[in-house]
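Each residue takes its place number in the sequence, starting with 1. Quick caveat: nothing in here was measured; it's all calculated off a predicted structure. All values below were derived from every heavy atom in this structure, side-chain atoms included, with hydrogens, water molecules and symmetry-related copies excluded.
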Amino acid sequence: MMTKRIIPRLSFWQIWNMNVGFFGIQYSFGLQQTAVNPIYSFLGAHAEQLPILNLAGPITGLLIQPLIGAISDKTWSNRWGRRKPFFLLGAVLCSLALFAFPFSSGIWMAAGLLWILDAANNTAMEPYRAFIADKLPQEQQTFGFQMQSLFVGAGITLANLSLFIFQKYLGGNAANGGIPVWVYYSFFLGSFCSVASVAWSVYKTPEIPPDEKELEELRRAREQSHFFTSFMEIAAAIREMPRLLWQLALVYLFQWYALFCYWQFITPMLKWSLYGISEAQEVKANRIAEMARRGMSVAASDFSWAKGILHQVEVAVGQTGLMNGSYNIVTILSALLLVPFARKFSAKNTYIFCLFLTGLGILTLPLIKNEYLILLPMVALGIGWAAMMGLPYSMVSSAIPSQKRGIYMGVINMMIVIPMLIQTVTFGTLYTSVLNSNPSAAISLSGILFIIAGLCVFRMKKASM
């Protein structure tokens, strides 16, 4: 077993610098939240196909994060450290995938690039969580993880606002169909941010080197390892997982199913609830635009109608960017403010309140028909997102053995991606057969599931701050 060492306290700016890399990772994640599903629609996908087209996230997260965690636990380089090689490699691959994504010529090219993008994001994300826990003493971990929430909000905010701003001021090619030109700029900006922000953290933050005894244990572990060792270690970690983590898994089942429903169906809901555009109208407009692009004869009135419909579709995508950007601005503002609340009322009670608030906010969305008033529920979602990205990790961190921190951060991610996987394979049928292909109903279901997740937190063993 690894020896336990005293970890020195870090200053505010040291904690800031070590988290800057999360900005680029989350810019990419923000584009996945807001832009990928509309791109699928631009390329001709139907709403019921969106869950299965998002299968890349759950599958890559399920396979890659725990595997990378197990490998990084046994890694040490005098030049690069333990965790940094992995999130630097992930950032480079993410940057390349982001640059290529808007050039997708068809649905399956976009889906393939999403697999690469998600694999890269997961390669970067898992060791980054362990990196924070490695570097901070227990009494600073709530602050460290909430600082990550701040950069989560900042990265996703820029991603979403870039979509809104580029759509508003650089215009699009709505009448011609396909992926609008303004989408390209958001992905190019993300490609730069992914590498630049992670490189900053790699440069500014040294990892804590192992002592001689730890190095010997690492050498012995590598000598005894074989191809299946990491998989066996993951299975053993799950068998021995503390009860608190099993309780968190139930919370995450509802929380992350709900989030995937929101991210996939907020734009389809806005198309109908704010702009009165049905999927049938969008499909017809795309067909007319495709005929015009191929030089086929199209009546001027039909072309004008299609142009208007597709412009409104683009406006709905921009509105999604504005809304998601708004809730992430709230995340930036509230992330560190949640720390004193968690100290006073406990992380558990603060988490419960934030999940309830999020659920109630999302339930109001289908009822609001004004593009400005609909921003108000984003305050609730922003506070909830800040809590979701930080408080659960601080609640369970003390229950995780330090020598298996990489593995267990990967296992926690499995708790995230398994609900997403369940959602991607079940929700298409649920959407058509139970919800009558109504995107507003999908958003309402998301709100209900958040409230259920909050009720499940009551079952968690209270963890001290």
Check for a donor-acceptor pair, side chain of Lys271 on one end and backbone N or O of Gly276 on the other, with a separation under 3.5 Å.
no
- From CA spacing to verdict: side chain to side chain contact (heavy atoms under 4.5 Å, CB included), Val183, Phe166: CA-CA 7 Å; Val183 172; Phe166 290 146; over 6 Å; no
Review point. Would you call Met389 and Thr331 a side-chain contact if the rule is heavy atoms closer than 4.5 Å?
Key: no
Distance col, row Lys344:NZ vs Thr350:OG1, nearest 0.5 angstrom, shows 11.0 Å
Run the ring-ring contact (aromatic ring centres under 6.0 Å, His included) test on Phe450 and Tyr262 for me, step by step, so that the C-alpha distance in whole Å, both residues' side-chain angles and the decisive distance to 0.1 Å come before the verdict.
CA-CA 11 Å; Phe450 272 116; Tyr262 170 82; 8.2 Å; no
Within the supplied structure, the quantity of interest is the number of heavy atoms (other residues, nucleotides, ligands) at a distance under 6.0 Å from Phe192 CZ; does it exceed 12? no
dist Met414:CE -> Ile412:CD1 (nearest 0.5 Å) comes out at 12.0 Å
d(Phe22 CZ, Leu150 CG) to nearest 0.5 Å is 12.0 Å
Smallest heavy-atom separation, Ala111 atom then Leu53 atom, equals CB-CD2, 4.4 Å
Open item on the list: Between Ser104 and Leu113, is there a side-chain heavy-atom distance shorter than 4.5 Å?
Closed with: yes
Can you find a pair of side-chain heavy atoms, one from Trp182 and one from Val317, that are under 4.5 Å apart? yes
**Prompt:** Got a donor-acceptor contact below 3.5 angstrom from the Ser440 side chain to the Met269 backbone?
**Reply:** no
Open item on the list: For Tyr327 and Trp385, take the angle between the two ring planes, folded into 0 to 90°, and tell me which bin it lands in: parallel under 30, tilted 30 to 60, perpendicular over 60.
Closed with: perpendicular
Please assess Leu270 against Thr320 for the test side chain to side chain contact (heavy atoms under 4.5 Å, CB included), listing each intermediate value before the final yes or no.
-> CA-CA 8 Å; Leu270 292 174; Thr320 303; 3.3 Å; yes
Between Leu117 and Cys94 the two heavy atoms that sit nearest each other are CD1-SG, 3.4 Å
Exercise. Please answer whether the main-chain N or O of Asn328 pairs with a side-chain N or O of Thr157 as donor and acceptor at a distance below 3.5 Å.
Key: yes
Expected output: side-chain Ser346 to main-chain Ala342 donor-acceptor under 3.5 Å: no
The reported gap from CG in Leu381 to CE in Met388 (rounded to nearest 0.5 angstrom) is 6.0 Å
The reported gap from CG in Leu355 to CD1 in Ile452 (rounded to nearest 0.5 angstrom) is 12.0 Å
Between Leu310 and Ala289, the two heavy atoms sitting closest are CD1-CB, 3.8 Å
Correct closest heavy-atom pair for Pro419 and Tyr257 would be O-CD1, 3.7 Å
Per ring-ring contact (aromatic ring centres under 6.0 Å, His included), Phe427 is matched among Phe260, Trp263, Phe265 by Phe265
* Asked: Quick one: does Ser162's side chain get under 4.5 Å of Tyr27's, heavy atoms only?
  -> yes
Item checked: Gln319/Leu274 under side chain to side chain contact (heavy atoms under 4.5 Å, CB included): CA gap, chis, key distance, verdict -> CA-CA 10 Å; Gln319 178 70 21; Leu274 287 187; 4.1 Å; yes
In short, Met109 meets Ser105 closest at the heavy-atom pair SD-N, 3.3 Å
- Task: Could you label the plane-to-plane angle of the Phe188 and Phe99 rings as parallel, tilted or perpendicular, counting under 30° as parallel and over 60° as perpendicular?
- Result: parallel
Using the side-chain hydrogen bond (donor to acceptor under 3.5 Å, both in side chains) rule, take Ser437 and Thr432 through it: C-alpha gap first, then chi angles, then the decisive distance, then the call. CA-CA 5 Å; Ser437 299; Thr432 55; 5.5 Å; no
- Query: Is the count of non-hydrogen atoms from other residues, nucleotides or ligands lying under 6.0 Å from Tyr275 atom OH greater than 12?
  - Reply: yes
Derivation of the side-chain hydrogen bond (donor to acceptor under 3.5 Å, both in side chains) call for Gln264 and Gln423 | CA-CA 11 Å; Gln264 290 169 6; Gln423 195 270 354; 2.9 Å; yes
4.5 Å side-chain heavy-atom contact, Phe101 and Leu114
yes
Nearest heavy-atom approach of Gln281 to Ile277 is OE1-CA, 3.5 Å
Looking only at the aromatic ring of each residue, does the gap between the centers of Phe353 and Phe345 stay below 6.0 angstrom? no
Query raised in the report: Is there side-chain contact between Tyr408 and Pro242, with at least one heavy-atom pair below 4.5 Å?
Result: yes
Fill in: Modelled atom types, side-chain donor and acceptor of Asn17 and Thr205, under 3.5 Å
no
With no hydrogens and no angle check, do the side chains of Ser95 and Ser191 hold a donor and an acceptor under 3.5 Å apart?
-> yes
**Asked** Has Tyr372 got more than 12 heavy atoms of other residues, nucleotides or ligands less than 6.0 Å from its OH?
**Response** no
- Let me see the working for Leu365 and Ile266 under side chain to side chain contact (heavy atoms under 4.5 Å, CB included), right down to the final yes or no. CA-CA 9 Å; Leu365 291 175; Ile266 185 62; 4.1 Å; yes
Checklist entry - Does any non-hydrogen side-chain atom of Met415 lie less than 4.5 Å from one of Trp256? => result no
Practice task
Apply the test ring-ring contact (aromatic ring centres under 6.0 Å, His included) to residues Trp16 and Phe151: give CA-CA distance (whole Å), side-chain angles for both, the deciding distance (0.1 Å), then the verdict.
Solution key: CA-CA 9 Å; Trp16 174 280; Phe151 281 105; 4.9 Å; yes
Rounding to 0.5 Å, atoms CD1 (Ile156) and CZ (Phe29) come to a distance of 6.0 Å
- [ ] Taking atom CH2 of Trp115 as the centre, report whether more than 12 heavy atoms of other residues, nucleotides or ligands fall under 6.0 Å from it.
- [x] yes
Looking at Ser201 and Val198, would you say the former's side chain and the latter's main chain have a donor-acceptor pair under 3.5 Å?
no
Trp272 atom CH2: more than 12 heavy-atom contacts under 6.0 Å
no
* Asked: So, Ser28 and Ser194: side-chain donor and acceptor under 3.5 Å apart, yes or no?
  -> no
| message | Would you say that Phe145 contacts Met395 through its side chain, given a criterion of any heavy-atom pair below 4.5 Å between the two side chains? | response | no
